[in-house]
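As the structure lists them, so they are numbered: ligands from 1, and atoms in each ligand from 1. The model shown is predicted, which means the values in this text are computed figures rather than measured ones.
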Amino acid sequence: MAHPQLISVDEAQRLIFSLAVPRLAHLCPLDSALGHVLGESVVSREDSPPFDKSLVDGCAVRACDVSRIGGELRVLESIAAGEVPSQRVVAGTTSRIMTGAPIPEGADAVVMCEYVESVPTGSGRETVRIGSAEIRAGQHILRRGESIQRGAVALPAGRQLRPVDIGVLAALGVELVSAVARPSVAIVATGSELMPESGQLGPAQIRNSNGPMLRALLGQLAGRVNDLGIGPDSEEVLESLIQQGLESDVLLLSGGVSAGIHDLVPGVLDKLGVKRVFHKVNLKPGKPLWFGSTDSNGVNRLVFGLPGNPASALVCFELFVRPALMRMGGVADASPRFGRARLAADLLVRTDRLSFLPARYFETEGGAAVERVSWKGSADLFGLSQASCLIRVPCGEYRLAAGQCVDVLWL
Ligand code: AMP
Ligand code: MG
């Protein structure tokens, strides 16, 4: 039942990956590094923490002094975070210490303030009684370099930077990181019926939803985004817009790649020397997808002709564009990530293409479950917006029983 003339989704992904090569690394300031992939490992130039520090508010003590319950100690000083201790803790003494402050010489443990009781002495000197049963040498102290030592790898090459990693880099005083540059992306929404997002619709006009949706989907995937707006179905205008779009690493077109007489995009791309790699995929929604590449000025640029129907454009983005952009940005395993979930109800499948069905995901006592949402097909973006995932169903005629596990792609 499969279409012999359509290439499979797997084959399409393979062809795209073979052309989506990682870009070169560049120096990136820390405040714009989030989501980038490290081109080189980051080696710590400092010990962290840079000094032995207290992890709690309390008293810095010699563990041997207070191993018996009720040990009374004379207080030498109070050390706040950011202050340098001035006195050595010797037998029978202690210093009050705050979280983050350096451990004074002589002390080898900190007792939490909850276990410290002030003893009235009558004199001006403070004495405390330690009420903790067991004091371990080293307790509540983080030693210099215990978190990371100077010269050790703090973050490995290939790591995609998350907020926690930005924190690590900031902690180590790193201002610039070597990061794989993210591809620049241009967007052109084609179709003579398209209107910009606002304004009064004329007869037979619709608004351009793909342009803004693609910009939103790009999120952190792209370096620069150049939205060239709407191109009517006119060879001259499309030619000029596509030429501008080819200045970016990746050009995303929507519409104009199906079989209609006004679907001019493949012809214009061909005329401009963009080599077709494939056209049409065994996929529903998303069959009309066009993909090609061009080598201009020694730079390889990728062109995706996404279907005009918004749901098709979105599915093609998730299956093909997102992985390609991730890979160009240096992500090693950029394949789409599928989860598993149980069907909440029987699912009757009757499809001649690999299909993705909009579905709602929810938690049950028995684990993750999915159920289809009402959806009118590839032109129905509103139905799709009720979904939190897509159920992947291979082609054929069959019934999937409730409770059976299926592959889902998160939206
Ligand atoms: P096409 O791929 O150009 O044949 O378009 C398929 C369907 O998608 C048509 O109904 C178009 O009106 C619609 N369409 C094309 N481009 C867009 C867009 N940018 N936003 C919303 N719908 C679109
Ligand atoms: Mg069109």
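- In the model, S95 has no side-chain atom that pairs as donor or acceptor with a side-chain atom of Q87 under 3.5 Å.
- Counting non-hydrogen atoms of other residues, nucleotides and ligands closer than 6.0 Å to CD of E363 gives a total above 12.
- Looking only at distances, a side-chain donor or acceptor of R301 sits under 3.5 Å from a matching main-chain atom of E247.
- Heavy atoms from other residues, nucleotides or ligands lying under 6.0 Å from CZ of R150 number 12 at most.
- Near ligand 1, heavy-atom contacts under 4.0 Å come from A189, T190, E193, L194, I206, R207, N208, S209, N210, S254, G255, G256, S258, D263, G308, N309, P310.
- Heavy atoms from other residues, nucleotides or ligands lying under 6.0 Å from CZ of R224 number 12 at most.
- Between S54 and the options I141, I103, T99, L142, a side chain to side chain contact (heavy atoms under 4.5 Å, CB included) holds for only I103.
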